Structures are given as structure tokens and as C-alpha cells.
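What you are looking at is a predicted structure, and each value in this text was computed from that prediction instead of being measured.
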Amino acid sequence: MRKRFQNIIDKYVAILVIVLLLIVWQFAHNFGALPEYMLPSPRQVVEAMIKDFPLLMKHAWTTLYEAFVGLGIGVLAGFLVSLLMDSSSVIYKALYPILVMTQTVPTVAIAPLLVLWMGYGTAPKITLIVIAGFFPIAVNLLDGYKAVDEDLLRLMKSMGATKWQVFRHVKFPGSMSYFFAGLRISVSYSIVGAVISEWLGGFSGLGVYMTRVKKSFSYDKMFAVIFMISFLSLILIKLLGILEKRFVHAENNVNSRKKEI
């Protein structure tokens with residue numbers, strides 16, 4: 001019984017902490033410790049979210065579209081770059097500094113230039129998400145390729161396997177856990193990157209909605225957007241965890257069967 005109770009606490013500890021913080025926040029607001037003009041109460045935020053829910057969902061679809069398209073292109077670009085860098089040490093040494101440089105420039109500095117070059121449509125938002133999201137994929141995949149068992153690589157080479165066969169049967173399956181670690185970071189970047197890019201202009205999106213309600217000093221609606229962004233990010237990361245369990249565990253089972261054979 002005690003062990004079962006401990007498992008429940010371990011499973012839902014994050015939710016319990018969030019609920020506790022919201023309760024403390026609400027009580028602090030009720031007793032006047034947090035003035036309404038500085039920070040709205042959770043109840044006011046929830047009421048604003050319910051009141052503007054259809055409008056929030058309309059803007060959320062735009063943000064999710066930009067995030068998913070940018071994330072998809074970023075994952076593909078990261079995979080291709082990692083494959084290219086793994087194929088040659090010269091290419092690795094040439095491209096790795098460029099990869100690092102793309103991440104040293106703040107997104108808030110790149111975003112205005114992208115809007116200037118591409119306009120106020122979805123193109124600059126998607127481009128910013130690609131720039132922010134492909135780096136974790138490429139770097140984590142490269143780490144995964146390097147972490148493959150050397151004995152297994154030597155065995156494949158002794159059997160006359162080509163580079164593509166080594167990559168297909170050893171390196172890529174062995175790097176799946178690294179890939180999902182990078183993908184988890186890219187998913188969080190995609191939502192935040194979309195919202196940041198929408199601050200600078202656009203026709204719809206959660207970032208556009210946030211700038212509009214900020215001008216009217218509707219802080220409860222601003223926090224409603226923040227809650228929704230956090231909620232969407234948590235859902236995406238949870239879905240990613242489910243996919244990771246299916247793919248990585250399935251691959252591990254296949255590898256264990258191969259070793260038994």
C-alpha cells in the first residue's frame with residue numbers, strides 16, 4: 001500500500017506542485033498581497049480564457065500550424081545535416097562552427113530581419129522556428145552516431161557492409177534516444193519561437209493576440225495566453241514521450257532479439 005501511494009506521488013508530483021502554486025497565488029491575491037493591476041488571480045485568468053476561448057483557439061491554430069511546419073522542416077534539415085557531417089570529418093569541421101553561430105544570435109534579433117525580408121505572413125515565423133529547431137536535432141543525432149558500440153561497427157565492416165548499411169542498421173537505430181532528446185527541445189522551441197515571431201507583426205496567432213490585449217492592459221487575457229502556450233507545450237511533450245516509448249522500446253526489443261540469435 002505504501003509503495004503504491006509512493007508511485008502515485010512520483011507520477012503526479014508535477015501536477016500537485018502546479019496546483020499548490022495556483023492555490024497559494026489565489027490566496028495571496030484574495031488577501032491583497034498581489035494587487036490586481038500587477039498580477040491577476042488564477043480565477044480571473046481562467047474566466048478570461050473561458051470567455052475568449054473561441055478566439056484563443058482561432059489564434060492557437062495559426063501558431064500550431066507555424067510550429068508544426070517549422071518543426072517538420074527543422075527535423076528534416078537537422079537529420080540531413082547530421083547525415084552529411086557524419087559522412088566526412090572535413091564536412092563536420094566545416095559545418096559545426098556554422099551550426100554554433102546560428103544559435104549565438106538571439107531570436108529577437110533575427111525576427112525583425114526575417115519580417116523585413118519576407119513580410120508579415122507565415123514565412124518568417126516558420127523560418128525562425130527552423131533556425132531554432134534544427135540545431136538540437138543535428139547535434140543530438142551526431143552524439144548518437146558517436147555513441148554507437150565500436151565493436152558492432154567493426155563487425156559490420158568485417159562483414160563487408162556499406163556505409164549506408166552501417167548507418168541504416170546500426171547508427172540510426174542506436175541514436176533514437178538521442179534524437180528524441182533533441183526533438184523534445186525543438187518542440188518547446190517551436191511554440192515559443194512562433195509566439196516570439198508573431199510579436200513583431202502578423203494577422204493571427206497567439207503572439208498577435210498577446211500584443212493586442214497588452215495594448216488594452218488586459219493582463220488577465222495575457223496570462224490566459226501564457227497558460228495556453230504552456231498547456232500546448234506540455235501536451236506536445238507528453239505525446240512525444242508516448243512516441244518515444246513506442247519507437248525506442250520497440251527498437252530495443254528488436255536489438256535484444258538479434259543479440260539472442
Side-chain angles (χ1 to χ4, degrees), residues 1-68 71 106-108 111 125 129 132-133 183-245:
M1 184 70 181
R2 183 178 179 182
K3 186 177 180 180
R4 185 179 178 184
F5 181 71
Q6 185 64 38
N7 290 335
I8 293 173
I9 292 177
D10 293 340
K11 189 175 181 180
Y12 297 104
V13 63
I15 298 175
L16 292 173
V17 170
I18 292 172
V19 172
L20 181 62
L21 288 174
L22 290 175
I23 292 173
V24 172
W25 181 1
Q26 182 65 50
F27 272 103
H29 192 275
N30 291 341
F31 288 104
L34 293 174
E36 186 175 331
Y37 66 87
M38 287 182 61
L39 190 67
S41 67
R43 180 180 60 81
Q44 291 174 318
V45 174
V46 172
E47 288 176 353
M49 185 179 292
I50 294 172
K51 182 179 178 181
D52 284 1
F53 187 75
L55 187 59
L56 280 170
M57 288 305 299
K58 178 183 176 182
H59 288 287
W61 283 120
T62 301
T63 301
L64 285 174
Y65 168 77
E66 295 165 353
F68 279 124
L71 181 64
T107 54
V108 291
K125 285 85 170 175
I129 296 166
L183 187 58
R184 204 174 287 113
I185 298 172
S186 295
V187 165
S188 60
Y189 280 0
S190 64
I191 300 293
V192 175
V195 173
I196 290 174
S197 61
E198 288 167 352
W199 285 349
L200 300 172
F203 306 103
S204 63
L206 291 175
V208 174
Y209 176 83
M210 186 179 287
T211 56
R212 290 175 182 173
V213 298
K214 182 185 70 173
K215 293 177 181 178
S216 60
F217 300 99
S218 302
Y219 295 121
D220 54 344
K221 295 181 180 180
M222 283 189 65
F223 274 89
V225 177
I226 294 171
F227 277 25
M228 177 162 281
I229 292 170
S230 302
F231 181 68
L232 291 174
S233 299
L234 289 173
I235 289 177
L236 291 176
I237 291 174
K238 183 64 177 179
L239 292 175
L240 193 59
I242 295 172
L243 287 175
E244 182 179 4
K245 286 182 180 179

- Check Pro40 against Val45 and note the closest heavy-atom contact, atom names and distance. CG-CG2, 4.1 Å
- Item | Whether over 12 other heavy atoms sit under 6.0 Å from Phe227 CZ | yes
- Lys51 with Glu47: basic N within carboxylate O range, under 4.0 Å: no
- Between Ser218 and Lys221, is there a donor-acceptor pair closer than 3.5 Å when you use the side chain of the first and the backbone of the second? no
- Note on the structure: Nearest heavy-atom contact between Met49 and Ala224 is CE-O, 3.3 Å
- Say whether, by atom type as modelled, one donor and one acceptor occur between the side chain of Ser190 and the main chain of Val187 under 3.5 angstrom. yes
- Item | Residue pair Leu71, Leu183: steps toward the side chain to side chain contact (heavy atoms under 4.5 Å, CB included) verdict | CA-CA 9 Å; Leu71 181 64; Leu183 187 58; 4.2 Å; yes
- Measure the CD1-OG distance between Ile129 and Ser186 for me, rounded to the nearest 0.5 Å. 11.0 Å
- Message: I need the minimum non-hydrogen distance between Gln44 and Asp220, along with the two atoms involved.
- Response: O-CB, 4.0 Å
- Task: Output all residues satisfying side-chain contact (heavy atoms from CB on, under 4.5 Å) with Ile229, sequence neighbours left out; order by chain, then residue number.
- Result: Ile191, Val195, Leu206, Met210, Val225, Ser233
- Task: Identify which one of Met57, Lys58, His59 satisfies the side chain to side chain contact (heavy atoms under 4.5 Å, CB included) criterion when paired with Trp61.
- Result: Met57
- Message: Just so I know, are the side chains of Leu236 and Phe68 near enough to count as touching, which here means a heavy-atom distance under 4.5 Å?
- Response: yes
- Query: Mind checking whether Leu232 and Met228 have side chains closer than 4.5 Å, heavy atoms only?
  - Reply: yes
- Is it true that a side-chain atom of Gln26 and a backbone atom of Arg43 form a donor plus acceptor pair closer than 3.5 Å? yes
- Message: Under the side chain to side chain donor-acceptor pair (under 3.5 Å) definition, can you give me all pairs with a residue in residues 204-214, not counting sequence neighbours?
- Response: Asp52-Tyr209, Thr62-Ser204
- Item | side-chain contact (heavy atoms from CB on, under 4.5 Å) partners for Leu234, two or more places apart | none
- Message: What's the separation between atom OG1 in Thr63 and atom CG in Leu56, rounded to the nearest 0.5 Å?
- Response: 10.0 Å
- Pair Val213-Phe223, side chain to side chain contact (heavy atoms under 4.5 Å, CB included): steps then yes or no: CA-CA 10 Å; Val213 298; Phe223 274 89; over 6 Å; no
